[in-house]
Every structure is written in structure tokens, then in C-alpha cells.
Amino acid sequence: MAIQLDHTIVPARNQRASARQLAELLGVPWSATTIGPFSAVFVNDGLTLDFQDTDEAFPVYHFCFRVNDTEFDAILARLVAAGIDYRSSVRGPVDHAESTLLGGRGIYWNEPEGHQWEMLTVSYARQGVVLAP
């Protein structure tokens with residue numbers, strides 16, 4: 001069996017609001033309550049993001065979602081309709097523009113907890129990388 005990431009915990013101050021917003025933007029299902037203290041976003045058949053409330057300090061997480069052009073257009077339209085600022089670079093200013101790195105399309109946005117979401121159509125994560133056996 002190939003190794004797959006099944007789920008990860010995303011710390012939040014308001015787990016339900018954060019989970020709902022991401023699920024609605026991505027157009028995927030979510031649940032306010034699941035097993036344990038989580039609000040889950042079912043990103044796809046194999047990956048769940050489990051939002052969990054905490055009062056502790058937590059780092060800003062970065063998650064990148066690879067989508068096709070049709071999904072990109074739909075998610076971008078939902079971002080615009082929700083009035084959420086986005087940008088073309090990971091740390092750049094809000095420019096409401098798309099990156100075209102490697103011939104694909106990409107954007108970044110931050111949710112109220114500060115976590116950063118990225119959406120792209122062409123992955124650059126392994127471009128030019130030689131994998132060790």
C-alpha cells in the first residue's frame with residue numbers, strides 16, 4: 001500500500017467557523033462534530049482536516065490544495081463572493097491576482113485564524129527534485 005496522509009489536526013479558536021468556511025470555499029463536505037473534539041473538513045476520499053479548538057498559542061499552518069482549472073475557477077468565485085482577499089505570492093501583498101508559476105494558476109489566502117491556504121493547478125513541489133530510493 002502506498003503511504004497516504006489520512007488526516008491532520010488544525011488548531012483553531014473557533015473550530016466550527018473555520019471548518020465551515022474552508023469546506024464552503026472548497027465545495028466539500030464538513031461536520032461540526034465527529035469522533036472526538038473535532039470539526040472535520042472532508043477534503044477528498046482520503047484526507048480529512050480536523051479542526052480543534054485550543055486556547056494555546058499555535059503556529060500558522062500552510063496547506064496547499066491542487067485542483068483542476070474548473071475547480072480553481074469555482075473556488076476563486078466563492079472567495080470573491082465571500083469578499084476574501086487573496087494574492088499571487090506566498091508572502092506578498094493582497095493583489096487579487098493569480099500566479100502563473102510553471103504554466104499553472106495559483107493563489108494564496110489567509111483564514112481568520114491566520115492559517116494560510118494555497119490553491120494551484122500545477123504542482124511545483126517536486127519540480128527538479130531527485131528522490132532518493
Side-chain angles (χ1 to χ4, degrees):
M1 178 177 123
I3 297 172
Q4 297 180 0
L5 180 63
D6 182 78
H7 70 276
T8 190
I9 295 173
V10 181
R13 300 281 179 241
N14 185 335
Q15 70 187 45
R16 286 186 174 97
S18 293
R20 179 179 30 221
Q21 182 188 62
L22 181 62
E24 289 175 352
L25 291 171
L26 296 181
V28 298
W30 78 287
S31 176
T33 57
T34 60
I35 296 174
F38 308 111
S39 293
V41 174
F42 303 99
V43 177
N44 57 41
D45 289 341
L47 177 61
T48 305
L49 298 181
D50 289 323
F51 287 78
Q52 182 180 27
D53 282 339
T54 183
D55 292 328
E56 298 175 9
F58 56 81
V60 171
Y61 287 11
H62 175 98
F63 292 93
C64 180
F65 304 101
R66 188 171 10 143
V67 299
N68 64 34
D69 282 309
T70 301
E71 293 164 327
F72 188 98
D73 289 337
I75 294 166
L76 181 55
R78 288 190 286 270
L79 277 164
V80 170
I84 296 173
D85 287 329
Y86 62 94
R87 61 194 178 278
S88 59
S89 63
V90 67
R91 303 240 191 278
V94 170
D95 57 8
H96 298 111
E98 298 176 16
S99 167
T100 56
L101 186 64
L102 298 173
R105 300 163 64 197
I107 61 168
Y108 303 84
W109 74 95
N110 289 77
E111 56 99 41
E113 303 286 358
H115 297 307
Q116 183 180 77
W117 309 119
E118 177 182 3
M119 176 176 60
L120 51 74
T121 59
V122 174
S123 177
Y124 53 81
R126 297 177 185 226
Q127 297 292 324
V129 173
V130 177
L131 302 177

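Starting from 1, each residue takes its place in the sequence as its number.
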Next on the checklist: Would you say that Val43 contacts Thr48 through its side chain, given a criterion of any heavy-atom pair below 4.5 Å between the two side chains?
Outcome noted: no
Checklist entry - Hey, does the side chain of Ser31 reach the backbone of Ala40 with a donor-acceptor pair shorter than 3.5 angstrom? => result no
Item to check | side chain to side chain contact (heavy atoms under 4.5 Å, CB included) assessment of Leu47 paired with Leu5 | outcome: CA-CA 6 Å; Leu47 177 61; Leu5 180 63; 4.0 Å; yes
Checklist entry - How far apart are the closest heavy atoms of Pro11 and Tyr61, and which atoms are they? => result CD-CE2, 3.5 Å
Checklist entry - Taking C-beta and beyond as the side chain, do Ser18 and Glu111 meet within less than 4.5 Å on heavy atoms? => result yes
Item to check | Shared hydrophobic cluster for Val67 and Leu22 (ILVMFWY, side-chain gaps under 4.5 Å) | outcome: yes
Checklist entry - Under a 4.5 Å cut-off applied to non-hydrogen side-chain atoms, are Asn44 and Val28 in contact? => result no
Checklist entry - When clusters are formed by joining ILVMFWY residues with side-chain heavy atoms under 4.5 Å apart, either directly or through shared neighbours, do Trp117 and Ile9 land in the same one? => result no
Checklist entry - Would you say Val41 and Arg20 make side-chain contact, with heavy atoms under 4.5 Å? => result no
Checklist entry - Checking Asp50 side chain against His7 main chain: does a donor-acceptor pair fall under 3.5 Å? => result no
Checklist entry - Can you find a heavy atom in the side chain of Glu118 that is under 4.5 Å from one in the side chain of Val90? => result no
Next on the checklist: Can a donor-acceptor pair be found, under 3.5 Å and without considering hydrogens, that links the side chain of Gln116 to the backbone of Arg91?
Outcome noted: no
Checklist entry - When you look at Arg13 and Thr54, which way does the side chain to side chain contact (heavy atoms under 4.5 Å, CB included) test go after all the steps? => result CA-CA 6 Å; Arg13 300 281 179 241; Thr54 183; 3.8 Å; yes
Next on the checklist: Using every non-hydrogen atom in the two residues, find where Ser39 and Gln15 come nearest and quote the distance to one decimal.
Outcome noted: OG-NE2, 3.1 Å
Item to check | Derivation and outcome, side chain to side chain contact (heavy atoms under 4.5 Å, CB included), residues Val80 and Tyr86 | outcome: CA-CA 9 Å; Val80 170; Tyr86 62 94; 4.0 Å; yes
Checklist entry - Do Leu102 and Leu120 share a hydrophobic cluster (ILVMFWY, side-chain heavy atoms under 4.5 Å, transitive)? => result yes
Next on the checklist: With heavy-atom distances below 4.5 Å as the criterion, would you say the side chains of Ile107 and Phe72 are in contact?
Outcome noted: yes
Checklist entry - Once you round to the nearest 0.5 Å, how far does CZ of Arg105 lie from CG of Asn68? => result 10.0 Å
Checklist entry - What heavy-atom pair brings Ser88 and Tyr108 nearest, and what distance separates the two atoms? => result O-CE1, 3.7 Å
Item to check | Hydrophobic cluster membership, Trp30 vs Met119, 4.5 Å side-chain cutoff | outcome: yes
Checklist entry - Passes side-chain hydrogen bond (donor to acceptor under 3.5 Å, both in side chains), Arg87 versus Asn110? Steps please. => result CA-CA 10 Å; Arg87 61 194 178 278; Asn110 289 77; 2.7 Å; yes
Item to check | Smallest separation among heavy atoms of His115 and Pro59, with atom names | outcome: CE1-O, 3.5 Å
Checklist entry - Should Glu98 and Leu76 be marked as a side chain to side chain contact (heavy atoms under 4.5 Å, CB included) after you check the CA-CA gap, both sets of side-chain angles, and the distance that decides it? => result CA-CA 10 Å; Glu98 298 176 16; Leu76 181 55; 3.5 Å; yes
Next on the checklist: Taking the side chain as everything from C-beta on, heavy atoms only, tell me whether Ile75 gets closer than 4.5 Å to Leu26.
Outcome noted: yes
Item to check | Mutual orientation of the aromatic rings belonging to Phe63 and Phe65 [parallel < 30°, tilted 30-60°, perpendicular > 60°] | outcome: parallel
Item to check | Minimum side-chain heavy-atom gap Val60-Glu113 below 4.5 Å | outcome: no
